[in-house]
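Just so it is clear: chains get the letters A, B, ... in the order the sequence lines come, proteins before strands, and each one is counted from 1.
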Amino acid sequence: MLDPVYYRAATAVQLLLLLLIPIEVWLASAARIKAEYELRDTLANVGVSVGSIFFWGMLGWLYFGGVTFAYTHRLFDVPFTWWSFLLAFVLDDCRYYWWHRISHRSRWFWASHVVHHSSQHFNLSTNLRQSWTSQFSGLTLLNVPLAFIGFNPAVIALAFTVNLLYQFWIHTESIDRMPRWFEWLLNTPSHHRVHHASNPRYLDANYAGVFMIWDRAFGSFVPEQADEPVRYGIVKNLGTFNPVRIALHEYVSIARDLMRKNLSWMQRLGYFFGPPGWSHDGSRRTSEELRAVEAARRDRQPTIGASARPA
Amino acid sequence: MSSLAIAIAVNLVLGGVLLALLLARRGRDEVCLGGASEAIAHFRIHYPDADGEVSVAADGRGALIELGGGAVGLLERRGRRWNARLLAPGDVRAVDVDGGQGLRLRFADFSWPRARICLDDAEALAAWRARLGALTGAAARPPRQETRHA
Ligand SMILES: [Zn+2]
Ligand SMILES: [Zn+2]
């Protein structure tokens with residue numbers, strides 16, 4: 001288990017980061033920075049967060065149990081030092097990339113992660129809008145390999161925690177671009193704005209946690225472009241600020257699809273594990289289809305620039 | 001572990017209260033629709049090829065669009081954002097007249113359970129009530145008849 005000193009340090013850092021939220025609100029209301037808050041949206045974020053912490057408290061043992069079990073059957077003894085932490089951090093960041101990519105590309109996992117993307121706003125309080133079911137979807141298993149190799153569970157948990165804490169500051173519109181080398185190497189507000197966009201061109205891009213190199217290596221990097229302002233949210237935005245509906249809506253949607261009559265087992269599997277937007281009759285659109293439609297539309301109207309968007 | 005969770009939850013609740021206070025200081029600056037063309041432009045962000053006759057709500061907070069092909073488009077304000085849905089037969093659960101000036105809609109969609117559209121023209125109100133009533137589960141099943149003013 002993790003040394004209590006790390007818990008305390010992580011809690012202290014988390015508290016300090018949370019204080020940045022009212023500061024961002026304050027600076028935005030004084031028109032010093034670009035940030036858009038809406039009362040009901042932010043309160044919904046807080047509500048979702050309380051639920052997410054509750055379920056993490058209830059089901060966190062699955063994470064620790066899995067990692068500890070793998071560690072007891074480890075292949076090697078990786079020493080508990082600074083370099084093993086750095087190595088674990090990079091490897092865990094790669095694990096995060098694939099966790100994140102799967103979470104966007106398969107509906108059962110998307111049902112858990114969609115919560116984080118369900119706001120039409122993007123500010124520091126968006127950090128609070130986290131899944132209630134992250135331990136429950138099964139992707140926690142991705143944490144097992146590092147422990148099985150022989151990294152101490154405390155090192156793995158610390159790497160994961162630092163990764164999540166890093167991602168706090170990238171949920172903001174107040175920072176335009178970081179220096180070029182920084183934008184190349186690391187995840188930034190600009191890259192993460194693209195990740196939270198519902199514009200077809202930006203869908204399923206920039207899955208990185210900390211290092212942008214994974215997106216560059218695995219072909220999912222899309223830069224933010226001046227001629228395509230980001231529209232935050234999901235393809236089918238929610239008409240509710242109720243935290244329970246926000247947290248569970250996609251599961252309800254999956255259940256309704258599975259209960260349709262006259263579907264083959266392959267079609268049912270498609271509704272469960274297929275990409276979000278998949279349908280057996282072509283009545284919905286996946287990210288690829290949305291992009292193709294958008295591209296065809298642009299080709300038809302080459303003289304029309306960026307489409308209208310809310311002021 | 002659980003004391004950590006409680007500590008974080010307490011921090012969050014405190015943060016929420018602080019935020020609510022800060023935001024309450026700030027006041028509201030919500031958006032309103034200027035007209036039918038603005039409504040259809042917002043709707044097309046989500047449904048690019050949509051077209052049809054638009055009824056803008058009297059308070060500018062939403063719009064209904066007769067899309068043809070049996071579907072109705074709904075645009076509704078969420079603070080400073082616009083939300084759009086294509087309502088097909090079976091998507092509407094109930095339509096009620098609310099205080100004589102608005103329509104209160106309930107949907108089958110768990111992620112968008114209800115909406116309210118303010119229409120000050122009695123004729124339009126009755127027509128839309130019938131039109132949306134025809135999209136309710138019960139009405140949607142048999143082949144749809146001519147909409148009847150309720
Ligand atoms: Zn994501
Ligand atoms: Zn995010």
Side-chain angles (χ1 to χ4, degrees), chain A residues 1 7-8 10-11 14-15 18-19 21-22 25-26 28-29 36-43 45-47 49-50 53-54 56-58 60-61 64 118 120-121 125 128 198 231-233 235-242 245-246 248-253 256 293-294 297 307-311, chain B residues 1-31 33-34 37-38 40-49 62 74-86 88 105 107-115:
Chain A
M1 280 298 122
Y7 275 140
R8 281 202 291 274
T11 309
Q14 169 127 25
L15 180 60
L18 287 174
L19 284 174
I21 299 173
V25 175
W26 192 268
S29 65
E36 232 183 71
Y37 278 81
E38 190 184 319
L39 182 61
R40 286 178 302 173
D41 177 77
T42 305
L43 289 179
N45 293 347
V46 173
S49 175
V50 170
I53 290 166
F54 173 78
W56 169 246
M58 298 299 287
W61 61 271
F64 288 107
S118 62
Q120 286 179 262
H121 290 267
S125 81
L128 303 176
S198 62
R231 290 191 308 274
Y232 301 105
V235 171
K236 203 175 165 193
N237 281 306
L238 307 187
T240 178
F241 293 108
N242 178 333
R245 287 186 190 272
I246 292 170
L248 302 178
H249 70 95
E250 190 63 22
Y251 291 107
V252 173
S253 184
R256 284 189 179 158
V293 169
E294 166 93 348
R297 211 166 52 87
S307 58
R309 78 178 289 257
Chain B
M1 186 59 212
S2 63
S3 62
L4 172 82
I6 291 165
I8 295 174
V10 168
N11 291 333
L12 286 173
V13 173
L14 286 175
V17 172
L18 187 56
L19 265 170
L21 288 172
L22 279 168
L23 288 158
R25 265 174 55 101
R26 219 190 144 200
R28 283 160 184 253
D29 50 342
E30 291 177 319
V31 288
L33 287 173
S37 57
E38 199 186 329
I40 200 84
H42 286 311
F43 194 79
R44 279 188 189 144
I45 290 171
H46 301 91
Y47 300 94
D49 300 321
L74 169 70
L75 189 73
E76 196 191 31
R77 183 178 83 180
R78 298 257 127 206
R80 267 167 281 162
R81 297 284 185 271
W82 293 99
N83 229 358
R85 273 291 196 283
L86 192 147
L105 306 169
F107 305 123
D109 186 344
F110 184 79
S111 73
W112 190 343
R114 57 188 72 87

Applying side chain to side chain donor-acceptor pair (under 3.5 Å), run through A:R245 and A:S118 and close with a yes or a no. CA-CA 11 Å; A:R245 287 186 190 272; A:S118 62; over 6 Å; no
If you count heavy-atom pairs within less than 4.5 Å of chain B, which of A:N237, A:L248, A:V293 leads?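 Going by pairs under 4.5 Å, I would pick A:N237.
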Side-chain donor or acceptor of A:W56 paired with backbone N/O of A:M58 under 3.5 Å: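 No.
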Using modelled atom types and a 3.5 Å cut-off, is there a donor and acceptor pairing between side-chain atoms of B:N83 and backbone atoms of A:L238?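 Here the side-chain-to-backbone pair exists.
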Checking heavy atoms, do the side chain of B:R85, its backbone, both or neither come under 4.5 Å from chain A?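 It is the side chain, since no backbone atom gets that close.
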Under 4.5 Å from any heavy atom of chain A - which part of B:D109: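 Answer is both: backbone and side chain atoms of B:D109 are under 4.5 Å from chain A.
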Mind ranking B:W112, B:F107, B:F110 by heavy-atom pairs under 4.5 Å with chain A and telling me who comes out on top?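 Sorted descending by pairs with chain A, the first entry is B:F110.
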Spacing of B:R78 atom CZ and A:T240 atom OG1 [to the nearest 0.5 Å]: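 Here the interatomic distance stands at 7.0 Å.
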